[in-house]
Novice: 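First the structure, then my questions, so here it is.
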Amino acid sequence: MSWNNQTQPQWGQPPVQPAPPGGRPGWTRKRVIIPSAIGLLVVGSILGSSGSGDTKPVADAKPAPTVTVTITAKPAEKAGGREEPKPAVTVTKTVTAKPKPKEEEAPKGRAVFKVWGTAPNGISVTYGSDSENLDGSGLPMEKTLKVKDDALYYTVSAQLQGGGDIQCSVTIGDETKKGRARGEYNICMAQLNGDFFGGFS
């Protein structure tokens, strides 16, 4: 009821205001924006600190050293800890034996006499057969004689005239005899004797 055309206030609960447009209250938007801003700030500070300090180009970075370890595998053991015995390896090598070199052969029908070594004070040499005796000289010495059918032997003898070391030999066909002398006035002697078959040994 109104008095003097004035509306009297009604007693009771005030009327409900309509919700603002947008469908979400303002306090909920603050709830999302503030934590997002804080998160961006933290991420930015982390990126900024990692970017600061000494930085080197990628090309200057030294590669880390690598180590290679080689391990020789051991054969697996049999049950019970005993290993099966390994078969023995046998290698057979065939070598062709070289024939023993023959002594120097004399020309056919010839006797060759040789003396070599050192004789600082000189040497006295004789050579020949049972029927002839010839003198030789100088070192090394080599002389040749024709072999006679009736010769009993062929010999060479060399005597030192002081110190020295000499060797001597006589060869007929493929048979050779050798001798050696060392020291003062010692004699080197070698001789081939005739046999019943017309040869010398």
Side-chain angles (χ1 to χ4, degrees), residues 62-201:
K62 294 182 180 178
T66 59
V67 178
T68 303
V69 178
T70 304
I71 299 174
T72 304
K74 294 182 180 178
E77 292 186 357
K78 296 286 184 181
R82 290 190 298 178
E83 191 175 331
E84 189 174 323
K86 297 178 181 178
V89 178
T90 303
V91 178
T92 303
K93 184 177 181 181
T94 304
V95 178
T96 303
K98 294 181 180 179
K100 184 178 178 181
K102 290 184 177 181
E103 297 288 346
E104 183 179 350
E105 292 186 12
K108 187 175 181 180
R110 299 283 175 175
V112 177
F113 307 90
K114 293 182 181 180
V115 180
W116 68 95
T118 58
N121 300 316
I123 189 171
S124 174
V125 179
T126 57
Y127 67 95
S129 66
D130 58 306
S131 60
E132 60 183 331
N133 193 13
L134 304 170
D135 289 332
S137 62
L139 288 178
M141 184 206 83
E142 182 173 338
K143 301 290 183 179
T144 303
L145 288 179
K146 184 178 178 181
V147 175
K148 297 178 182 178
D149 294 336
D150 60 346
L152 297 177
Y153 62 83
Y154 283 88
T155 184
V156 62
S157 175
Q159 183 176 13
L160 290 165
Q161 303 300 309
D165 186 355
I166 56 172
Q167 295 183 66
C168 57
S169 71
V170 56
T171 303
I172 299 175
D174 59 358
E175 292 291 332
T176 299
K177 290 290 183 179
K178 289 184 177 181
R180 185 171 185 177
R182 186 185 304 170
E184 293 186 4
Y185 300 100
N186 286 321
I187 299 173
C188 176
M189 188 171 182
Q191 180 172 309
L192 280 174
N193 298 315
D195 56 26
F196 293 109
F197 304 101
F200 290 88
S201 58

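We're numbering straight along the sequence, starting at 1.
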Novice: Which pair of non-hydrogen atoms, one from Leu160 and one from Gly183, has the smallest distance, and what is that distance?
Specialist: CD1-O, 3.0 Å
Novice: Can you check whether Val112 reaches Pro107 side chain to side chain, under 4.5 Å on heavy atoms?
Specialist: yes
Novice: Tell me the closest heavy-atom pair linking Ile172 and Ala111, and the distance in Å.
Specialist: CG1-CB, 3.7 Å
Novice: Which residue, Ile166, Thr118, Asp165, forms the side-chain contact (heavy atoms from CB on, under 4.5 Å) with Arg182?
Specialist: Asp165
Novice: As a quick check of understanding, evaluate side chain to side chain contact (heavy atoms under 4.5 Å, CB included) for Lys178 and Cys168, giving each step before the final call.
Specialist: CA-CA 6 Å; Lys178 289 184 177 181; Cys168 57; over 6 Å; no
Novice: Of all the heavy-atom pairs spanning Lys143 and Met141, show the shortest one and how long it is.
Specialist: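 Shortest heavy-atom contact: CG-CE, 3.8 Å.
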Novice: Please find the pair of heavy atoms, one from Ser169 and one from Val156, that lie closest to each other, and give the distance.
Specialist: O-CG1, 3.7 Å
Novice: Using a 4.5 Å cut-off on heavy atoms from C-beta on, say whether the side chain of Glu142 contacts that of Phe113.
Specialist: no
Novice: Please determine whether the number of non-hydrogen atoms from other residues, nucleotides or ligands lying under 6.0 Å from atom CG of Asp195 exceeds 12.
Specialist: yes
Novice: Mind checking the CG-CD1 spacing from Asn121 to Ile123? Nearest 0.5 Å is all I need.
Specialist: 11.5 Å
Novice: Report yes or no: do Asn193 and Gln191 form a side-chain donor-acceptor pair below 3.5 Å?
Specialist: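 Yes.
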Novice: Under 4.5 Å between any side-chain heavy atoms of Pro140 and Lys114, yes or no?
Specialist: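 Not in contact.
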Novice: Rounded to the nearest 0.5 Å, what's the gap from OH on Tyr127 to OG1 on Thr144? Could you check?
Specialist: 8.5 Å
Novice: Given side chains that start at C-beta, do those of Tyr153 and Asp130 come closer than 4.5 Å, heavy atoms only?
Specialist: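 Tyr153 vs Asp130: side chains touch.
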Novice: So if I apply the side-chain contact (heavy atoms from CB on, under 4.5 Å) rule between Met189 and each of Thr126, Thr155, Val170, which one comes out positive?
Specialist: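 Running side-chain contact (heavy atoms from CB on, under 4.5 Å) over Thr126, Thr155, Val170 with Met189 returns exactly one hit, Thr155.
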Novice: When you compare the side chain of Leu152 with that of Ser129, does any pair of heavy atoms fall below 4.5 Å?
Specialist: no
Novice: Over 60° means perpendicular and under 30° means parallel, so classify the ring planes of Phe200 and Tyr154, tilted if in between.
Specialist: perpendicular
Novice: Please give me the minimum heavy-atom distance between Ser124 and Gln161, naming the atom from each residue.
Specialist: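 The pair with the smallest heavy-atom distance is CB-NE2, 3.6 Å.
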Novice: Taking all atoms of both residues into account, what is the closest heavy-atom pair of Gly128 and Leu145, and its distance?
Specialist: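 Looks like CA-CD1, 3.8 Å.
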Novice: Looking at CH2 of Trp116 and CZ of Arg180, how far apart are the two atoms once the value is rounded to the nearest 0.5 Å?
Specialist: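 Between atom CH2 of Trp116 and atom CZ of Arg180 there are 10.0 Å.
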Novice: Within the 4.5 Å heavy-atom criterion, are Val125 and Asp135 side-chain neighbours or not?
Specialist: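 A side-chain contact is absent here, since even the closest heavy-atom pair is not under 4.5 Å.
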